[in-house]
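One structure is given here, and the rest of the page talks about it.
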Amino acid sequence: MKKSRTLLLGWCASVAVQLMLLGCATDQAALRIGAFATGVGTCTDNVSQAFIEVEDVHSRAQTSGAIITFQTMQFDPDSIKPFLDPQEVEARMTILAGLKLYAEKLSEVMGNSQLDKFDEQTKAFGESLKKLNASDALKQHGLPHVSEKDLDIFTAAVDALGRWFIDWKRSKEVKAIITDMHPHVVRICELLGKDIGSKRTDKGLRFQVYKDFSDLIRNRSDWIWKDIKKFDAIQKRDEIAALVQLIRDRQTADRTLEGTYKVLSKLQETHQQLGKAFEDEAPNLEDRIRELVGEGKRISEYYKQLKDK
Amino acid sequence: MPDTAETTQDDVFQAYQNLYELMDKAYWTASTIQDKDRIRGIEDAISDILTALNAADIKARTQDYADCKNLVDATNHRLDKLKSQIDSIIHVVKIATQVVKAAEDAVKLAAKFFV
């Protein structure tokens, strides 16, 4: 009886150690998927910002146009409208929020919070077993007593088995979800890419921002030309400096949208590799995640610059 | 220039865009405010056409986004389901702890009762 119990505990200890080693691979996957979620978050925020930026520049161009033509042409209040209707923008914001939520949920499922909860519960289970084992009442009934060390081994094995099962289940399901989601990620990125436009001469937000900035620059130039005689030297200098700054802003905005477009391709490529997050070595995926996060941060800085103006 | 029969919205857009760029160059080359004003007037009209064509192209994709939304929602629902399945595994251990505690109470009570 004692011999078989010793054998069973020995098996438990060995299983616990082996399963703990297996857990390291999913820890890596959790880190990679967590980093991917960060990259997706930044990327979707940047795309949302692109829609906000286009409306902002469009509104500024309309205002400057109205100022220039107010006295010479009949002003039509109906001509002042957003570039896109709110419901068109809303449809894009909803899909971006959905994509961000998907990445966050992936990271949450793969994260440690549920495993920590499980550990907490198995610890409580172990403690209650020890309490029961130490109970005098148990001795009174002549029930067998187990050493505390044996109970620790048993609890560790329960914990390791449970962790292994959770790891196995979530790895299997998450891999399948990533595979099934991939065509939708590709489709969404393609649609958003078309909205932004690959070149500034193609239809899209990139073209619109460039053109609206050009309108803005031309209107400002016209205004300077018309009022130049009224300016003193300092006003003249400031106005021309502001015009040159607008040209720089146009370049920054164009580069920002170009970057936003390119990151969408990176997002697709990274998601395609994401199933490899569960492998011991995934250098290609890790490189792509680093690029996605790095580029996303760089573009966020550009948007911040544009916003601060 | 493409044939009228084959003209697409893209061709129209490209033609207006070329015109807009040429007018923009002309604006910056013009040396009097009168010339600039005239060019700007034409450019403003072209700009409005380009904006309308561009917005229409983007709007045409809105339904595609609505279709994608349902697919993304379904995936997020799958992830929620997986999370709750894992929660239920944790719950099993919680129940086991409660069972052990109940067993301890029962043994204590039995000890008092049978003594």
Side-chain angles (χ1 to χ4, degrees), chain A residues 58 65 68-69 83-85 87-88 91-92 94-95 98-99 101-102 105-106 108-109 114 117-118 121-122 124-125 128-129 131-132 135-138 140-141 158 162 165-166 169-170 173-174 177 180-181 184 187-188 191 194-195 201 203-205 207-208 211 214-215 218-219 221-222 225-226, chain B residues 10 13-14 17 20-21 24 27-28 33 36-37 40-41 43-44 47-48 50-51 53-55 57-59 61-69 71-73 75-76 78-83 85-87 89-94 96-98 100-101 103-104 107-112 114-115:
Chain A
H58 186 65
I68 284 290
T69 56
F83 169 59
L84 292 172
D85 295 334
Q87 64 269 27
E88 315 289 342
R92 272 92 182 156
T94 305
I95 208 79
L99 196 58
L101 190 65
Y102 159 70
K105 280 182 188 289
L106 270 185
E108 198 186 330
V109 167
Q114 281 184 306
K117 258 190 225 165
F118 183 76
Q121 287 303 328
T122 48
F125 174 65
S128 58
L129 275 180
K131 244 174 125 184
L132 173 67
S135 162
D136 289 336
L138 207 66
Q140 275 179 354
H141 288 290
V158 168
F165 182 70
I166 292 170
K169 182 159 182 64
R170 64 185 189 173
E173 300 276 334
V174 165
I177 288 171
D180 294 347
M181 182 66 176
H184 313 320
R187 180 78 184 123
I188 292 166
L191 285 170
K194 277 184 186 166
D195 276 359
T201 48
K203 280 185 267 188
L205 303 184
F207 166 81
Q208 193 63 35
K211 184 195 70 64
S214 300
D215 290 351
R218 214 171 42 249
N219 291 338
S221 153
D222 243 39
W225 267 86
K226 281 176 183 165
Chain B
D10 278 347
F13 181 83
Q14 283 305 325
Q17 204 215 328
Y20 177 85
E21 288 199 353
D24 203 50
Y27 173 87
W28 293 106
I33 185 62
K36 281 188 185 290
D37 243 6
R40 193 187 43 72
E43 237 185 316
D44 283 350
S47 175
D48 288 345
L50 284 169
T51 297
L53 288 172
N54 197 20
D57 184 68
I58 293 173
K59 281 177 192 175
R61 283 186 287 274
T62 301
Q63 186 52 47
D64 293 332
Y65 282 103
D67 297 342
C68 285
K69 183 194 172 289
L71 299 165
V72 174
D73 286 349
T75 305
N76 285 339
R78 269 176 81 185
L79 282 164
D80 285 338
K81 205 174 149 194
L82 174 61
K83 193 171 174 286
Q85 281 171 348
I86 296 170
D87 278 337
I89 298 169
I90 299 166
H91 191 67
V92 167
V93 184
K94 200 175 175 183
T97 310
Q98 285 166 357
V100 174
K101 272 184 188 158
E104 189 197 346
V107 169
K108 273 181 190 165
L109 273 174
K112 280 179 194 166
F114 291 112
V115 167

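We use all heavy atoms of the structure for the numbers below, so side chains are in, but hydrogens, waters and symmetry mates are not.
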Discussion item. For chain B, which candidate among A/Lys169, A/Glu88, A/Met181 shows the most heavy-atom pairs at distances under 4.5 Å?
Written reply: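 Ranked by contacts with chain B, first place is A/Glu88.
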Q: Among the options A/Gln87, A/Lys131, A/Glu108, A/Arg170, pick out the one with the most heavy-atom pairs lying under 4.5 Å from chain B.
A: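 The answer is A/Lys131.
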Contact origin within [X] toward chain A - heavy atom pairs under 4.5 Å:
X       : result
B/Gln14 : side chain
B/Asp67 : neither
B/Asp24 : side chain
B/Gln85 : side chain
B/Asp57 : side chain
B/Ala55 : both
B/Leu82 : side chain

In terms of heavy-atom pairs under 4.5 Å, which option from B/Lys59, B/Lys69, B/Lys36 contacts chain A the most?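 Max contact count across the listed options: B/Lys59.
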Practice prompt. Could you check which of B/Lys94, B/Gln17, B/Lys101 has the highest count of heavy-atom pairs closer than 4.5 Å to chain A?
Written response: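 Counting heavy-atom pairs under 4.5 Å, the top option is B/Gln17.
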Please find out if less than 6.0 Å separates the ring center of A/Phe207 from that of B/Phe13.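 Centroid distance A/Phe207-B/Phe13: below 6.0 Å, so yes.
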Ignoring hydrogens and angles, tell me if any N or O in the side chain of A/Tyr102 forms a donor-acceptor pair with the backbone of B/Thr75 under 3.5 Å.
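Not at all, since once roles are kept as given, no pair shorter than 3.5 Å links the two residues.
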Any donor-acceptor N/O pair, B/Tyr65 side chain to A/Thr94 backbone, under 3.5 Å: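 Side chain of B/Tyr65 to backbone of A/Thr94: no pair is present.
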Pairing residues for A/Lys117 by the side-chain contact (heavy atoms from CB on, under 4.5 Å) criterion, not counting sequence neighbours
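Only B/Asp87, B/Ile90 meet the side-chain contact (heavy atoms from CB on, under 4.5 Å) criterion with A/Lys117.
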side-chain contact (heavy atoms from CB on, under 4.5 Å) against B/Ala96, all qualifying residues, sequence neighbours excluded: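 Scan of B/Ala96 (side-chain contact (heavy atoms from CB on, under 4.5 Å), adjacent residues dropped) gives A/Phe125.
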Which region of [X], side chain (C-beta onward) or backbone (N, CA, C, O), has a non-hydrogen atom less than 4.5 Å from a non-hydrogen atom of chain B, or is it both or neither?
X        : value
A/Ser221 : both
A/Leu106 : both
A/Ile177 : both
A/Ser214 : both

List the steps, then state whether side chain to side chain contact (heavy atoms under 4.5 Å, CB included) holds for B/Ile58 with A/Leu205.
-> CA-CA 9 Å; B/Ile58 293 173; A/Leu205 303 184; 3.9 Å; yes
Trace of the side chain to side chain contact (heavy atoms under 4.5 Å, CB included) decision for B/Thr51 with A/His58 | CA-CA 10 Å; B/Thr51 297; A/His58 186 65; 3.7 Å; yes
State the [atom1]-[atom2] distance between [X] and [Y], to the nearest 0.5 angstrom.
X        : Y       : atom1 : atom2 : answer
A/Leu84  : B/Thr62 : CG    : OG1   : 8.0 Å
A/Trp225 : B/Asp37 : CH2   : CG    : 11.0 Å
A/Ile95  : B/Cys68 : CD1   : SG    : 5.0 Å

Working note: A/Arg92 + B/Arg61, criterion side chain to side chain contact (heavy atoms under 4.5 Å, CB included); need CA distance, chi angles, decisive distance, verdict. CA-CA 10 Å; A/Arg92 272 92 182 156; B/Arg61 283 186 287 274; 3.8 Å; yes
Are the charged groups of A/Asp180 and B/Arg78 less than 4.0 angstrom apart, N to O?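 Counted as a salt bridge, because a side-chain N and a carboxylate O are separated by less than 4.0 Å.
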| request: I would like to know whether B/Arg40 and A/Asn219 meet side chain to side chain contact (heavy atoms under 4.5 Å, CB included); could you show each step before the answer? | output: CA-CA 8 Å; B/Arg40 193 187 43 72; A/Asn219 291 338; 3.5 Å; yes
